[in-house]
Amino acid sequence: MERDTTYDNIRDFTRGNVFGQLIKLATPLLAIGFIQMTYNLVDLVWIGRLGSRAVAAVGAVGMLMWMMHSVALLCKVSAEVSIGQSVGAKRFGRAAAFASHTTTLSIVLGIFFALVFSLFPHFYVDFFGLEPEIARQSAEYLRIVAAGFPSVFLILNFSGIFIGAGRSDIPFYFHSAGLILNIVSDPLLIFGVGFFPEMGVRGAAFATVLSEAAVVALFVYYLKRGEGLFGKFPLLARIRRPYLSKILKLGLPVTAMNIYFALINMNLARTASIYGGYLGLMSQTTGGQIEGVTWNTSGGFSTALGSFAAQNHAARTPHRIRQAFRHTLLTMALVGLATTLSFVFFGKEIFSIFVPEKEAYEAGGRYLLIMGFSQLFMMLELTTQGMFNGIGKTAPPAIVSIVFNTLRVPLAIVIAEETGVEGVWWAMSLTSVAKGVFLAAWFYLHQKHKNIRI
């Protein structure tokens with residue numbers, strides 16, 4: 001009698017060691033997040049050697065890159081869900097059709113935004129009110145990196161396709177290759193080595209575009225070799241309404257939420273520029289990249305906790321959910337406490353690794369100190385969000401996030417009028433504290449109302 005191997009690749013989280021399963025589930029998610037974070041931090045280390053003005057110029061464009069990633073989630077999330085469902089139903093032709101549609105949509109969107117920001121970079125850069133020389137560098141940088149927008153959309157799309165097909169290892173390998181290429185090419189193109197000319201900020205942009213193009217090439221090569229994936233699905237397809245409707249239905253809510261958050265942060269960065277000049281903008285954008293350590297850690301564990309809780313909620317094993325929640329809270333508390341102490345007592349030293357100018361790392365150190373007080377609460381928010389998602393209640397985290405992120409802009413302006421740019425950062429820190437407290441309280445009241453002890 002042959003053994004049924006249909007579900008060999010499915011992990012069952014309703015049995016076995018709770019903490020061990022959480023770690024196994026969170027590790028690949030953390031790895032991909034940290035690769036992306038390292039990619040950004042490597043750029044900062046080298047660009048920081050050009051001076052704080054160069055960092056400010058690149059940091060302004062970084063806000064737009066966040067926006068582009070948010071738009072690209074439309075295809076990534078849709079690919080993950082639609083392909084995952086199609087594979088689960090053994091409808092591989094349908095999976096291939098969705099893969100072709102999301103890829104086609106990624107190409108169209110990527111080319112559209114590449115043309116817009118390559119031809120009209122000042123339309124975006126002028127929003128921040130930067131000094132003329134910094135604005136010139138920022139526009140120059142944007143004009144080059146915009147050429148890589150199609151690669152950005154395709155990378156996220158291909159990652160979603162492979163994750164939906166159960167092959168999350170492939171995106172990890174290709175992202176790692178892109179990181180290595182970026183680490184090597186950054187100093188060569190920024191400072192000029194051997195026959196490479198010194199290009200400064202433009203070199204950092206070219207290194208980014210080159211690395212992204214290489215990752216896309218790896219994905220395409222893998223998809224086209226041998227039998228490929230789903231029988232070598234075509235990368236371009238004629239858009240059909242039923243598939244497009246499904247893609248929009250799946251991807252638009254997540255995309256809209258992330259675009260809204262990106263817009264809020266763009267406005268906060270502009271406010272920081274108004275009240276703190278280029279140093280205020282530089283401190284906020286660079287400090288946000290440094291905060292990625294805690295954000296990626298808590299986000300990875302939050303996603304893992306959500307998946308774990310979902311299975312055990314359906315299996316009616318609440319004792320395992322309780323254990324997972326406590327293990328995650330304890331782990332996040334330890335990480336959050338370590339981050340808080342590091343930011344509060346060693347903020348300047350940490351910031352100086354990326355921008356060695358005294359005036360710059362002193363301003364950045366103040367940013368990290370203020371944000372340090374909210375790190376524990378940010379982790380509390382994301383951990384609780386994982387629990388809400390796991391039990392199928394996705395509305396409360398979204399409501400709390402929208403309310404307090406919206407309050408950040410007027411609160412930042414009010415406080416900054418009295419205290420300067422630090423008021424912007426206090427508004428961000430205080431609303432992060434509020435989000436963690438309110439969401440945790442909401443979860444507690446929900447469980448009490450349902451008479452479920454978590």
Side-chain angles (χ1 to χ4, degrees), residues 13 18 21-23 25-26 28-30 32-33 37 66 69-70 73 76-77 80-81 250-251 253-262 264-265 288 291-314 318 320-336 339 371 374-408 428-450 452 454:
F13 301 126
V18 172
Q21 288 180 332
L22 276 174
I23 294 296
L25 185 57
L29 299 170
L30 291 170
I32 293 176
M37 182 193 70
W66 186 354
H69 277 79
S70 298
L73 286 175
K76 180 180 184 292
V77 172
E80 287 177 1
V81 178
L250 291 171
V254 176
T255 300
M257 183 67 193
N258 280 273
I259 289 176
Y260 182 73
F261 191 37
I264 291 294
N265 280 277
E291 277 191 280
V293 175
T294 48
W295 178 265
N296 281 291
T297 302
S298 52
F301 269 96
S302 174
T303 303
L305 178 61
S307 298
F308 187 95
Q311 281 197 17
N312 285 278
H313 182 67
R320 292 179 59 80
I321 301 178
R322 287 196 293 271
Q323 290 180 48
F325 189 34
R326 291 167 184 167
H327 283 309
T328 305
L329 276 179
L330 178 59
T331 303
M332 291 299 92
L334 293 174
V335 175
T339 306
M371 297 307 297
S374 66
Q375 296 304 296
L376 275 168
F377 297 93
M378 181 187 73
M379 292 192 159
L380 177 61
E381 177 201 357
L382 290 175
T383 301
T384 310
Q385 177 182 312
M387 286 297 295
F388 267 120
N389 290 344
I391 62 176
K393 303 292 182 181
T394 58
I399 293 171
V400 170
S401 179
I402 289 172
V403 169
F404 287 101
N405 285 331
T406 301
L407 285 175
R408 280 183 171 182
M428 295 168 63
S429 187
L430 290 172
T431 50
S432 286
V433 172
K435 286 193 293 182
V437 171
F438 271 80
L439 193 59
W442 193 334
F443 183 74
Y444 171 78
L445 292 175
H446 171 78
Q447 297 306 311
K448 187 176 181 181
H449 175 70
K450 295 294 184 179
I452 301 173
I454 297 291

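Among residues two or more places apart in sequence or in another chain, the side chain to side chain contact (heavy atoms under 4.5 Å, CB included) test is passed with Leu439 by Glu381, Thr384, Gln385, Phe388, Pro396, Pro397, Val400. Taking the side chain to side chain contact (heavy atoms under 4.5 Å, CB included) definition, one finds that Leu329 meets it with Phe325, Leu380, Thr383, sequence neighbours left out. Taking Phe261 as the reference, Trp66, Asn265, Asn405, Arg408 meet the side chain to side chain contact (heavy atoms under 4.5 Å, CB included) condition, with sequence neighbours excluded.
The two residues Met332 and Met379 come nearest to each other via the heavy atoms O-SD, 3.0 Å.
Once rounded to the nearest 0.5 Å, the distance linking CG of Leu330 with CG of Leu334 reads 5.0 Å. Distance check, rounded to the nearest 0.5 Å: CD1 of Ile402 to CD1 of Ile264 gives 10.0 Å.
With no hydrogens or angles considered, no side-chain donor-acceptor pair links Ser70 and Tyr260 at under 3.5 Å.
Under the 4.5 Å side-chain criterion, counting only non-hydrogen atoms from C-beta, Met371 is not in contact with Met378.
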Notebook entry, point to check: Met387 and Phe443: side-chain contact (heavy atoms from CB on, under 4.5 Å), yes or no, with the steps?
Noted result: CA-CA 8 Å; Met387 286 297 295; Phe443 183 74; 3.7 Å; yes
